[in-house]
Amino acid sequence: MSSIRSLVPKIPSMATWNKAFRIKGALKVPRCTLADSLTAENGFKKLKDYTKWSQAEMDQMTVVEINPGLGAWTSALYNGGFNKIYSLEPTVPYLKQLEVLAEQSQGAIIPLKKDGYDWQTYVELKDPEYLGPYINPDWSQVNPNILFTGTLPKSSKGEQLLAQFATCIVNKMALHSMGRIQMALWIPDQLYQKFTGPPGTNARCKMSVVTEACADIEVIYSAEPGAVYPYAPYHLVHIVPIPKMKIKAEWDVFEYVLKHIFVMQKQPLSKMVRTLGPGADIILKRLDFDPSIAVDGNKEGISEELLLKWRTLGNSLLLTILTIYTLP
Amino acid sequence: MSLPLVRQATAGSRNLLSLRHSKLCLGHVHRRQPTILYSDARSHLPLTRMISTSPLTSSTATASSQHQSSDLSSDGKHIILPNPSRPGFNQTAGVLPSGISEQFAILNACIQSGTMVRAERVMNELYRNRSEEMKVFMDVQVVNAFLNGFVQGAKPLPNDCMAWFDRLVSYGITPDANTYAVVVKGFLKLGSYHTARMLLQDMRKNTNIQMLDVVKSSFLAPEEVATFHQLISQSQSSTQQEVQELLHELEVAANNVLDKDAMNTVTSASLASSDTTPHAIPSHPPIYENVPEAKPMDAIGVRFLQEQLSALQNSSDALKMDPFDLQMALEQQGYEVALQKLVHMREASKERGDTLNALHLSPLKKIMWDWHEKMIPLLREEIVNCADVVGRNTERRAYGPFLSLLPVEKLSIITILELLRLHNSSGIADGMKTARAVIDVGKAVEMEYNATYLKRTNKMGEIQNMASYGKQISLAVRKASIQQQEAAAATATSLDSIDQPTSSTTLSTTQPSGQMTDPWNPVWPNSIRAKVGSVLTSLLIDSAKIPVPSYNPDTGEKITEHIPAFFHTYQYVRGKRVGIIKFSDQLTMLVSKEPLRDTLHPRLMPMIVHPRPWLRYNDGGYLSAKSMCMRIKDSPEQLMYLYKASENSKIDNVLKGLDVLGSTKWRVNKQVFDVVLEAWNSGEAIADIPPSITEPMVLPEKPADYDTDPKAKFNWVNKVKEIQNLEKNYHSLRCDVNYKVETARAFLNLPMYFPHNMDFRGRAYPIPPTLNHLGNDLCRGLLCFDEAKPLGERGWRWLRIHMANLYGYDKHSFSERENFTMENMDNILDSVDNPMTGRKWWLEAESPWQCLSACYEVAAAYRSGNPLEFESRLPIHQDGTCNGLQHYAALGGDLAGARAVNLSPGDRPADVYTGVADMVNSLVEKEAKEGNADAQMLMGKISRKVVKQTVMTNVYGVTFIGARAQIENRLKERDDIPPERVYALSSYLAKKVFSSLGEMFNGARNIQDWLTDSARRIARSVPKETLQENGILPFDSPEQEQRFLTRVEKEKAKSKRLKKSNKTFSARNPSANQMSSVIWTTPLGLPIVQPYRRTGKKQVTTLLQTVFIEDPDASKPVNAMKQSTAFPPNFIHSLDATHMLMSAVACYEKGLTFASVHDSYWTHANCVDDMNMVIRDQFIALHSQPIMENLYEEFKERYRNYRIPNSSEVDKSGQPVSKATPSSPIATTTTTPVSPISAENEALFGLVDTPLEEGDDDDEDELGSTLLDQEIKASSSRKYKYTWDELTFAPLPKKGDFDINEVKESDYFFH
DNA sequence: CCATTAAATAATGATATAAGTAATAGATAATGG
DNA sequence: CCATTATCTACCGACAATATCATTATTTAATCA
């Protein structure tokens, strides 16, 4: 296919980076960027091990990368064998750096001045020029032509963005209006904990429930804090939307319910259900499990079976709620 | 000296007292003059006494009081108290530390509910855990109340009482006469005369307490005093001389006291009648014969109010009730009435047995009754549970005692009504914030408790008689009342330490001067209110259900479900949780169908009799409810200054002004009311009545990409939210109108009064919230004076001018305005004849409802054939033209400014707003021609209204952002500007306005700058002592140092809990040490404290959730920025308030009816000329004083010995590079005196960092010095010197040549 | 019985929560290297 | 200590985040001499 690729972006020292790339204005905190090529290469290797992508599969994939930053991950993707990488970078200094890489990659890397945080971007990506040809409404299988990847900022924006990705998966919106698209994201540790928070833990939260209901998550690789500017622990996470959402309820209702019962995640479900509406506790009667389980699904004194039932939230509770609420 | 303020002397019979006070009043108003009228006894401040009552702390106390004696000078010109950072403040101010105020409230609740076991436990815990603080804050009053708890009931426990007495004495409490009275009472009640006698003997031997003081203690009822005679007869046998002496004293005292009642009434009568009051006041009813307060009882309005009461058992009398009693009953029995109405409803329908009629009954009331019945058993159970708790449940221990203070029925009804009242409050659709709900319920319980407690202990008949009698408002009456009250205190308890519950900051024990002792009744802290409120709310939520028709989901058959009427839930507001209590939809529907009148508590309504004159800062207004003359929130400092000023008779003239405002009798304008009602019932949007929304608004269509593009969805959701918001606003607006209409209906044909109080700057506000003359156009249109006065020629003219003003034609000369009205007579008559069907000319007016009201008046006068004799009730307004600038111009003697705001005469009104608008318009026009799109859009649209607020606030320091926001709001109101451009346009316009203003108000701005600068300096300043104690400045003397060290020693000895109060003085965070707020005294003597400090909120656990509440006691650093930016407006407002109050009093004394809305003064048409004279005279009187100079002097005195941090550049030798003080903008004009202190500083620290007392180890020192070296090298040319300079103020801006007396000739000064 | 220590409980402080930044701009307080 | 960063945006009438966890502080129980 192609000769061995060994693209290496220019990684400035932390001090230089601080001067040249610390972005002011739009984002309040400087956006994190992967700043270690080795980490990037290692991460990609692991990712490839996990997904078992063949070169043929990779050849037909178009990669969309958000927040490439210095381009370490971009290079790793390119070096790993992808031939078409859209790098969505809104800030000029990074963009310049990427253009260098673009040149060196003989056009495989295509920097675009777009912002992965901006919803408009996903509308634009549907353009025939970019992902238009690969839009695929078939959710029975993973979209073979698109890989979405990138680095999430450590700010509240990153958190919001991740939550929205989950929402969009459930509702097949934005990126996921183009099909069942897999993602490989570099996620800051703190956010990762919330993203995947298992039941009964402190990290269990709204987002982890939604995530659980819509995608399979696998952590691929964990970067040393030093590999990211400014220093922060990051994980590379592989996210594959599941073909059939576990959430049966209408999204807005589901979200409302989840938000309210998670006000007090350590309290029994039966108590929090009352905050949903006057007399909402009547739905408890129709529940097929003991509602004294804590909202966050704390395991203590709870049978495995019960836990399972509660975790398949979309199937039981919310369906029930919906039926009650939509009665004449 | 001119005498506008001296009340017309009626006869030579005025006593010394009233003479003295008239003089006092003059002295204060006209001239800064040392106060000479206070006897020295007055300066014995009760709270200082409180400190010294504790021998164990005496060393501290004396030390601090000596130390403070220099700055605690309340008998000088101004009230000056220690800085809140000083240890003396909390003690002097009686501010209780966190936790203790709660415990005191609980203690009192235990005592009052008769559960002494719990009271003992509280007391025990207090002494065990907070023993050091107890030494300072435990007051003998508290002790007396506590001890009395043992012996007041039917089963006295004198031995327990005695044991506690001994114990408390051993803790350092010094018993007073009341203490002995209480303890002795216990034994007397049991017949243990011997013990009682021994006690008294002991007292006689060991204390200086007089027997008479014991016997006349308010803790002893007359019949209890009588038992002393039994003691005497029992002990006659003793031959000891000592005993015989005691018995003799006792007998004399007892007889004395038992005779006292008669004495008292005589004195009161003589006191009162010796004033100018034309009639003597009989000591006993009936005294109302010659007081025609209310119209005859067949009036429509009063019937409604009487219906309120008709449910009560003795209601047959209601119709015959005297208005005074009616008012009293309304205030005190509001909840009983509400409850009885529910009962009646039920009884009535049961009796009639006809279900048909039952259907017509209010369904809401039926449900409320149901809740009530369900809630009561739960409440009882809860009370039992609270009593059961011996050990751990701290929550129950905190709220339990309070549940026993009122009957459960009352608790229940209070909760129900409060929750219904709060529907849609704080911007929550169909619900309320939990925090608000629980605190308000708690507050309502507290108020009700106070009201009934008062009723129980109330023997204030004479006082009230006299007070309510007083259409005669005068200092003399006030004085006489106070004196009488104090005299009466020996036999009757009075209301004093019950502060108004709305303020959560409290004086722990306010002991007024003199012999008077108040029952101890601490204000409940908000945390307690929240806890109490939350139990009740939670119980109501559990018990309140509402029937809902429903289907059985399984069988599909129709059933009636009972779902909760309320539920507790949460909302997220920008990521934060907010607890709310929501109404179920069914309840919302029910409530919206029901008229709101039954949830209106009479305590919030206008009064039907004259308000009680303000006797003290916390004594006046409504008859029974305790209210404050100043609205204070969470600021102990404000309260303390007010208290001191009140006790030192410094605010009598202010209070008098409030009395005058409260004495204005109003009535509802029936004609306008009818039109309002018609408009209201039509459901359409008319004037400022919003339309009623019958069907839900149409939602916009979802966009095509709603399902795929989050942005599209987001936008749509936002649109929907906007619409819902609009709907909500309409709804709450309509509710508001509904309340107003209902209140007006209640008072149809009935005179009403608005008791007034002030904000902290002295501006006056009516206390009743819904309907008052400060309200919107609708309120003002609905109200007119009760008294009618013939127009006369001038009045007829003013009426016509007023008519034109209200229409909006107010920028022309008076004669043009007169003509305007005459030319529009046709329209006016049409408006009157066909208000809703005719041409509706009045609706186009700037103030439609007031215009309509004026139309009626003009039309009636016009048609009467002889307008000059027409009896007019319409208030005619005279508005200051840019009142703030007027005061600025007067302060600065600014000629140009004076001309611009009509201080100097002109032949037509000058109007700065129009002037600026014109300037901006021409600017815009020019740029429009140049092709500026913004300018083109705005061409010709810049009205006076658009720029008015910005121009006005410009001299108050509004910023560009603020100005833009103001203009934005104005532009949004217009419909000829596309909403999406409003923002950009307002930005453009704000710039233009600012540039137009340019140099326009330089005179004012100079003063503003001086004020801002001074305030900033003050806010940053620190008392010298603080610096000394932190080792930053040297002590003045070894003695001072020694005193400090002993205090530290003592503090160290205290429990660790207190160590946080030992704040270390850190240079790192300068704002943490800024504790001085800006304080000044208005020319009327009102001390004003700017309350802006950091908020210190804490989470408080309640049954429903935790609530976030301001912790009142923590002394928090000031918000220096707010202090300085707020000072100019506050200062000017305090002046306009002063002017208003002065004018009010002067008008009153000329017999003019007077009302005001800050800078708009109202009176009868034919009195306008007189009032105008008064306004001008008072303005001159006010500004003839050297106000700025006085302020300057006051600041210098008040902040003597304060220091501010300063850094100035010095050259290598340490000599100052420039003499300026860079820390202040104006400082360049200042020649900062080279104070000796600065020299000391320099010597002490040289150029090095402040050597803090914290032991810097050598390491750091080395590091520090090397760093320093580097620093010097690095910036070799620059060295700074940091010093704590004496707080000085910039010299006052130079005063111009304007002669204030020109105001007299200016027709358009107020117009 | 006391003193001392361990365990239990209360008080205090810190942190996360939701989820499009709205738009703009100039002074000043707060913070971090 | 200086430079960057966050926080304000005239004032008043009219107020309001909360659950949970970790860490101390204080109280109670327990043990022992």
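In what follows, every chain begins at residue 1, and chains take the letters A, B, ... in the order their sequences are listed. All values below come from the heavy atoms of this structure, side chains included, with hydrogens, waters and symmetry mates left out.
For the P atoms, the distance linking C:dA30 with D:dT9 amounts to 14 Å, nearest Å. Distance noted for atom P between C:dA22 and D:dC15: 26 Å (whole Å). To the nearest whole angstrom, the two C1' atoms, one in D:dC8 and one in C:dA25, are 12 Å apart. Rounded to the nearest Å, the gap between the P atom of C:dT31 and that of C:dA14 is 13 Å. Atom name C1', nucleotides D:dT18 and C:dA18: the rounded distance is 14 Å, in whole Å. Of the P atoms belonging to C:dT28 and D:dA10, the separation is 14 Å, rounded to the nearest Å.
Among the heavy atoms of the strands lying under 4.0 Å from A:Glu159 is at least one base atom, whether or not backbone atoms are also near. Counting any heavy atom pair closer than 4.0 Å across all strands shown, A:Tyr117 reaches a base atom. As judged by a 4.0 angstrom heavy-atom cut-off over every strand, B:Arg964 is placed among the base-contacting residues. Residue-level contact check: B:Arg763 touches neither bases nor backbone, having no heavy atom under 4.0 Å from any strand. Base engagement by B:Gln966 is indicated by at least one non-hydrogen atom pair under 4.0 Å involving a base atom. Residue contacts shown for B:Gln949 include a base, since a base heavy atom lies under 4.0 Å away. Nucleic acid contact class of B:Phe1131 (heavy atoms, under 4.0 Å, all strands): none. Backbone-only engagement by A:Asn202 is indicated by non-hydrogen atom pairs under 4.0 Å involving sugar-phosphate atoms exclusively. In this structure, B:Ala1126 reaches the sugar-phosphate backbone alone: every heavy-atom distance under 4.0 Å involves primed, P, OP1 or OP2 atoms, never a base. At the heavy-atom level, A:Gln267 lies under 4.0 Å from the strands shown only through sugar-phosphate atoms. Contacts of B:Val573 with the nucleic acid, taken as non-hydrogen atoms under 4.0 Å apart, are absent.
A donor and an acceptor atom sit less than 3.5 Å apart, one in the side chain of B:Gln1099 and one in the base of D:dA19. Between the side chain of B:Tyr570 and the base of D:dT18, no donor-acceptor pair under 3.5 Å is found. In terms of polar N and O atoms assigned as donor or acceptor, the side chain of A:Lys259 never comes within less than 3.5 Å of the base of C:dT17 in a complementary pairing. Contact annotation: side chain of A:Gln164 to base of C:dA19, donor-acceptor pair absent below 3.5 Å.
In this structure, the side chain of B:Lys531 engages the main chain of B:Thr1101 through a donor-acceptor pair within 3.5 Å. B:Gln638 places no side-chain N or O within 3.5 Å of a backbone atom of B:Gln1090 that could act as its donor or acceptor partner. For B:Gln1074 (side chain) and B:Pro1117 (main-chain N/O), no donor-acceptor pair under 3.5 Å exists by modelled atom type.
Residue A:Trp119 holds its CH2 atom at 5.0 Å from CD of A:Gln164, rounded to the nearest 0.5 Å.
When each of B:Tyr983 and A:Gln120 is assigned the nucleotide of DNA chain C with its nearest heavy atom, A:Gln120 is the one assigned upstream, toward the 5' end. A residue-by-residue look at B:Thr953 and A:Val263 shows that B:Thr953 has its nearest nucleotide of DNA chain D further toward the 5' end.
Whole-Å rounding puts the B:Glu968 CD to D:dT9 P distance at 16 Å. Nucleotide D:dT20 holds its C1' atom 9 Å from the CZ atom of B:Arg577, rounded to whole Å. A:Met173 places its CE atom 11 Å from the P atom of C:dG20, with the value rounded to the nearest Å. In this structure, B:Lys576 places its NZ atom 14 Å from C1' of C:dA19, rounding to the nearest Å. We find that CG of B:Asp1159 is positioned 13 Å from C1' of D:dC11, with the value rounded to whole Å. We find that CZ of B:Phe1108 is positioned 14 Å from C1' of C:dT17, with the value rounded to whole Å. Rounded to whole angstrom, the span from the CG atom of A:Leu258 across to the P atom of C:dA19 amounts to 11 Å. The CD atom of B:Gln1105 sits 14 Å away from the P atom of D:dA16 (whole-angstrom rounding).
For D:dT26, the paired base is C:dA8 (Watson-Crick or G-U wobble, both distances below 3.5 Å). Pair assignment for D:dA16: none, as no Watson-Crick or G-U wobble contacts are both less than 3.5 Å. C:dA18: no Watson-Crick or G-U partner with both key distances under 3.5 Å is found in any strand. The base-pairing partner of C:dC2, taking Watson-Crick or G-U wobble contacts with both distances under 3.5 Å, does not exist among the strands shown. Across all strands shown, the partner of C:dG26 is D:dC8, judged by Watson-Crick or G-U wobble contacts whose two distances both fall under 3.5 Å.
Aromatic ring centroids of B:Phe1131 and B:His887 lie 6.0 Å or more apart. Under the 6.0 Å cut-off for aromatic ring centres, B:Tyr765 and B:His1158 qualify, their centroids lying closer than that.
Contact check, B:Thr1125 against D:dC8: no side-chain N or O comes under 4.0 Å of OP1 or OP2. Of the side-chain N and O atoms in B:Arg1020, one or more sit less than 4.0 angstrom from OP1 or OP2 of C:dA29.
Between B:His773 and B:His756, the ring planes lie tilted relative to each other; the angle falls in the 30° to 60° range. Using a 30° and 60° split on the angle between ring planes, B:Tyr888 and B:Tyr956 fall in the tilted class, from 30° to 60°.
Side chain of A:Met264, nearest nucleotide from D:dT9, D:dT20, C:dA19: D:dT20. With distances taken from any side-chain atom of A:Gln160 to the nucleotides C:dA19, D:dC12, C:dT24, the minimum falls on C:dA19. Each of D:dC12, D:dA10, C:dA30 was ranked by its minimum atom distance to the side chain of B:Tyr765; first place goes to D:dC12.
Using a 4.0 Å cut-off between a side-chain N of Lys or Arg and a carboxylate O of Asp or Glu, B:Lys713 and A:Asp252 qualify as a salt bridge.
Judged by centroid separation below 5.5 Å and plane tilt below 30°, A:Trp119 stacks onto the base of C:dG20.
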